[in-house]
Number of protein chains: 2
Amino acid sequence: MPAAAKHNNPRTASRATRRLQLIDATMKCIARKGMSSTTLGDVAREAGLSQGIVNLHFESKDNLLNETLRHLADEYRRRFDKTLSRAGPHPADQLHALMELDFKPSICDRQKLALWFAFWGEVKSRPAYRKICDEFDQYYDEVVEGLCTAIIAEGEYPHVSASAAANALTSMTNGLWLSCLVSPQSWDRREAMDAVMSYLKSVFPKHFNQRGYRANRTQ
Amino acid sequence: MPAAAKHNNPRTASRATRRLQLIDATMKCIARKGMSSTTLGDVAREAGLSQGIVNLHFESKDNLLNETLRHLADEYRRRFDKTLSRAGPHPADQLHALMELDFKPSICDRQKLALWFAFWGEVKSRPAYRKICDEFDQYYDEVVEGLCTAIIAEGEYPHVSASAAANALTSMTNGLWLSCLVSPQSWDRREAMDAVMSYLKSVFPKHFNQRGYRANRTQ
DNA sequence: ATATGTTGAATGAATACTCATTCATTATTC
DNA sequence: GAATAATGAATGAGTATTCATTCAACATAT
């Protein structure tokens, strides 16, 4: 029996596979029914397994939710790092690639966004969520601010604050995500990207010009 | 007996007063315990009233939550409109006043933000929430885009798109709210406002200059 | 004025239901 | 035939909702 088939069989999947399967089911349920009405029964049904299965693999619902958030954050982080490493040596290219990433359909679809917002919605009352989100935000900001600093140095932009620019950029993507979630019919991927680019162009005009996107690629 | 005292008495408050009192208690509970673990018992206890009180005044929990969101949105909207009307005739002043509003302590504190995010977290699975949020966002965007259009006309900014600028601005405030919620210790009101101002300065340099905030107030 | 009846808000115990968790049993693999 | 994984019925804590009863305020009658 091939390994793939074997792992789809009941009762034979490895512990890690089952956990992933359950986390996946959890994400689907939260996206569809919302955090406050997904039950462990829903998750088990979505996974095609039995009632008690979550407690067997995660011990408690709280634990399942924590692990789900961690999985979501880790997944994003992997794509973030990969995007960064593939974008070449220029900070402006890297920054642009990161901004594009946030609006790729695989990251920015209502299902995924509903998940992020579901967890953010409970951040205040659940320190565990806050810790995970905070850790990641810290890293994101750090990287973006670093890129802004490099761009400011390259372009000799005297009046631009790297931290203000980084703050503006990261906030903008989160805010545009909210619009996508709340107003999907009037939301448009290109408009969102345009909003971000309009900012980059006006703050770093030497790097992000009007047509195409990069001005001094060969600097 | 004075009317105020009378309304604080048990069994004598008007229907409207009771509903407000219960909505208020609901907001406190959601901010403290999160959406998914506030019960009607919690709300009643917070209000200092009895178990069945919410169903008496709101018929169902769903209904209570809908009304709470509507109350939150209405309250914000009132302040928004008042801010706009008090900001004088210049669109740049009006835009600046609106941006400042979003970071006033009375609007932008973690308790209030937790509430907004709690509802946004369930937007995908609850059409009623989406409707209320969408309606308001539509209005907000419309007003901000109108102001941007006016500023662009005044300042003869050839390459600026009003809709991209409006999109960027409204998204930024929502995103900065998220940072406040997730990273309260590293978050700073002035830094947030700086991020927004840095954007305004770079897109509308003739209107928002470096020191103070308005350049051509007397244009 | 006092007593009596009426009203409607509020109570809080009871009800019906949901859901996380447990565990004895069953299936599968090596 | 262990050992491991999964099942799914049973449990019990928790929760929304209901409703018979209580109560304060007011109205009317005496």
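Within every chain, numbering begins at 1; the chains are lettered A, B, ... in the order of the sequence lines, protein sequences first and strands thereafter.
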Using 30° and 60° as the class boundaries, would you call the ring planes of B:Phe136 and B:Tyr139 parallel, tilted or perpendicular? tilted
Write out a two-atom table: protein N or O, nucleotide N or O from nucleotides 2-4 of chain D, distance below 3.5 Å.
none

Tell me whether the OP1 or OP2 atom of D:dA5 has a side-chain N or O from A:His57 closer than 4.0 Å. no
Show me the pairs that pass salt bridge (Lys or Arg N to Asp or Glu O under 4.0 Å) and involve residues 36-57 of chain A, at least two apart or across chains. A:Arg32-A:Glu46, A:Lys33-A:Asp42, A:Asp42-A:Arg45
Rounding to an integer number of Å, can you tell me how far B:Arg45 CZ sits from C:dG12 P? 13 Å
Close N/O contacts between protein and nucleotides 18-25 of chain C (under 3.5 Å):
from   : atom 1 : to      : atom 2 : distance (Å)
C:dA20 : OP1    : A:Lys61 : NZ     : 2.5
C:dA20 : OP2    : A:Leu40 : N      : 2.6
C:dT21 : OP2    : A:Asn55 : OD1    : 3.2
C:dT21 : OP2    : A:Lys61 : N      : 2.9
C:dT21 : O4     : A:Gln51 : NE2    : 3.1

Would you mind listing every salt bridge (Lys or Arg N to Asp or Glu O under 4.0 Å) that reaches into residues 163-190 of chain A, with sequence neighbours excluded? none
Find the distance B:Leu49:CG to D:dT17:P and express it as a whole number of Å. 17 Å
Selection residues 47-66 of chain B - residue pairs positive for side chain to side chain donor-acceptor pair (under 3.5 Å), sequence neighbours left out: B:Asp62-B:Arg126
Presence of A:Ser50 side-chain N/O under 4.0 Å of D:dG8 phosphate oxygens OP1/OP2: no
Could you pull out every donor-acceptor pair under 3.5 Å between side chains of residues 100-121 of chain B and any protein atom, sequence neighbours left out?
from     : atom 1 : to       : atom 2 : distance (Å)
B:Asp102 : OD1    : B:Tyr76  : OH     : 2.2
B:Asp102 : OD2    : B:Tyr140 : OH     : 2.6
B:Ser106 : OG     : B:Arg79  : NH1    : 2.6
B:Asp109 : OD1    : B:Lys112 : N      : 3.3
B:Arg110 : NE     : B:Leu181 : O      : 3.4
B:Arg110 : NH2    : B:Leu181 : O      : 3.0

With sequence neighbours left out, what residues match A:Glu142 under salt bridge (charged side-chain N to carboxylate O under 4.0 Å, His left out)? none
Spacing of A:Arg15 atom CZ relative to D:dA6 atom C1', expressed in whole Å: 11 Å
Under 4.0 angstrom between B:Arg18 side-chain N/O and C:dA9 OP1 or OP2: no
Filter on salt bridge (Lys or Arg N to Asp or Glu O under 4.0 Å), then keep only pairs touching residues 21-30 of chain B, sequence neighbours left out; what's left? B:Asp24-B:Lys28
Whole angstrom value for the distance that separates P of D:dA16 from CD1 of B:Ile53: 15 Å
Applied to residues 182-202 of chain A, the ring pair (Phe, Tyr, Trp, His ring centres under 6.0 Å) test, sequence neighbours excluded, yields A:Tyr199-B:Tyr199
